[in-house]
Novice: 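Just passing along the structure, written as structure tokens.
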Number of protein chains: 2
Amino acid sequence: MTTALAHPERDEIRITSVLHALADPVRLRIVRALARHEEGLSCGVLDLGVTASTLTHHVRTLREAGVVRVRPQGTSRISSLRRDDLDALFPGLLDGVLAARR
Amino acid sequence: MTTALAHPERDEIRITSVLHALADPVRLRIVRALARHEEGLSCGVLDLGVTASTLTHHVRTLREAGVVRVRPQGTSRISSLRRDDLDALFPGLLDGVLAARR
DNA sequence: AACGTACTACGATGTTCATCAAAGTTCGAC
DNA sequence: GTCGAACTTTGATGAACATCGTAGTACGTT
């Protein structure tokens, strides 16, 4: 399928969707990894202890919530944090989440 | 029941539980209301469009996640935001959530 | 003690969700 | 064009959850 991946515009991002997307241990690990790689990365390289299809589900949840942006590159898909949008809408939220020790 | 209400200690509060607790429209409205009333308030006074038993469930979810502190007062229970604990653990998170326009 | 208010506990219900396996798609390389 | 790698889609399953109604408890007031 070559239909472009759907991403919400900045003003379509809802706080409840973002919070729900972040409220999962696997997705939170993805977000933490993306925070360390500003340039983005293919989530397949992460060892998260879930199958590929589950990983697809999680990345889609993050994308549809507006937390990450995904762009195809070859057979891979590069995900990156939508830090600018999130910081503009919910200043402090992302930093607070990333600061969490546990 | 007069058994004291259980609250997690500050170092027992987990980010995923907090995010999950905040990721519900009804609970978010409760948190917003509590943010406007530092002294705390009885959640029963809020008109949230849910029954009393559902409200109990939501307040318990917030309490067990460490988002609010609840103290009995007469036949009521006064809830208040655990702003100090949340700000210490996840600086910016609460402000970011409260800043959300939608 | 009797009553009303505020809240809780329990049980039921329908929905959402995280997970997986299996089969399918897309794309680069040979 | 064939192969393999990376990812997605579909369908199934079990768990978690938001909601409600009913019944119950705790407490202040009369």
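Chain A is the first sequence line, chain B the second, and so forth, proteins listed ahead of strands; every chain is numbered from 1. Just so you know, these numbers come straight off a predicted model, no measurement behind them.
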Novice: Should A/His58 be listed as having a side-chain N or O under 4.0 Å from OP1 or OP2 of C/dT19?
Specialist: yes
Novice: To the nearest angstrom, how far is B/Arg77 atom CZ from D/dA26 atom P?
Specialist: 10 Å
Novice: Would you find a donor on one side and an acceptor on the other, under 3.5 Å apart, between the side chain of A/Arg82 and the backbone of A/Asp87?
Specialist: no
Novice: Expressed as a whole number of angstroms, how long is the span from B/His57:NE2 to C/dT13:P?
Specialist: 18 Å
Novice: Please lay out, stage by stage, how B/Thr56 and B/Ser53 fare under the test side-chain hydrogen bond (donor to acceptor under 3.5 Å, both in side chains).
Specialist: CA-CA 5 Å; B/Thr56 292; B/Ser53 57; over 6 Å; no
Novice: Evaluate the side-chain proximity of B/Arg14 to B/Ser17: yes if any heavy-atom separation is below 4.5 Å, no if none is.
Specialist: yes
Novice: Need one value for B/Thr54: base, sugar-phosphate or nothing, where a base atom within 4.0 Å counts as base even if backbone is also close, heavy atoms only.
Specialist: base
Novice: With heavy-atom distances below 4.5 Å as the criterion, would you say the side chains of A/Leu46 and A/Arg29 are in contact?
Specialist: no
Novice: What's the shortest heavy-atom distance between B/Ile30 and B/Cys43, and which atoms?
Specialist: CG2-SG, 3.9 Å
Novice: Between residues 59-75 of chain B and DNA chain D, which residues have a heavy-atom gap below 4.0 Å?
Specialist: B/Gly74, B/Thr75
Novice: Going by number, which of residues 17-52 of chain B have a non-hydrogen atom under 4.0 Å from DNA chain C?
Specialist: B/Ser42, B/Gly44, B/Ala52
Novice: Using the side-chain contact (heavy atoms from CB on, under 4.5 Å) rule, pick out the option among A/Leu34, A/Val70, A/Val67 that qualifies with A/Leu62.
Specialist: A/Val67
Novice: Taking only the side-chain heavy atoms of A/Ser53 (C-beta and beyond), determine which of C/dA22, C/dT19, C/dT8 contains the nearest atom.
Specialist: C/dA22
Novice: Are A/Val97 and B/Phe90 close enough that some pair of their side-chain heavy atoms sits under 4.5 Å apart?
Specialist: no
Novice: Look at B/Asp85 together with B/Arg69 and state whether they make a salt bridge at an N to O cut-off of under 4.0 Å.
Specialist: yes
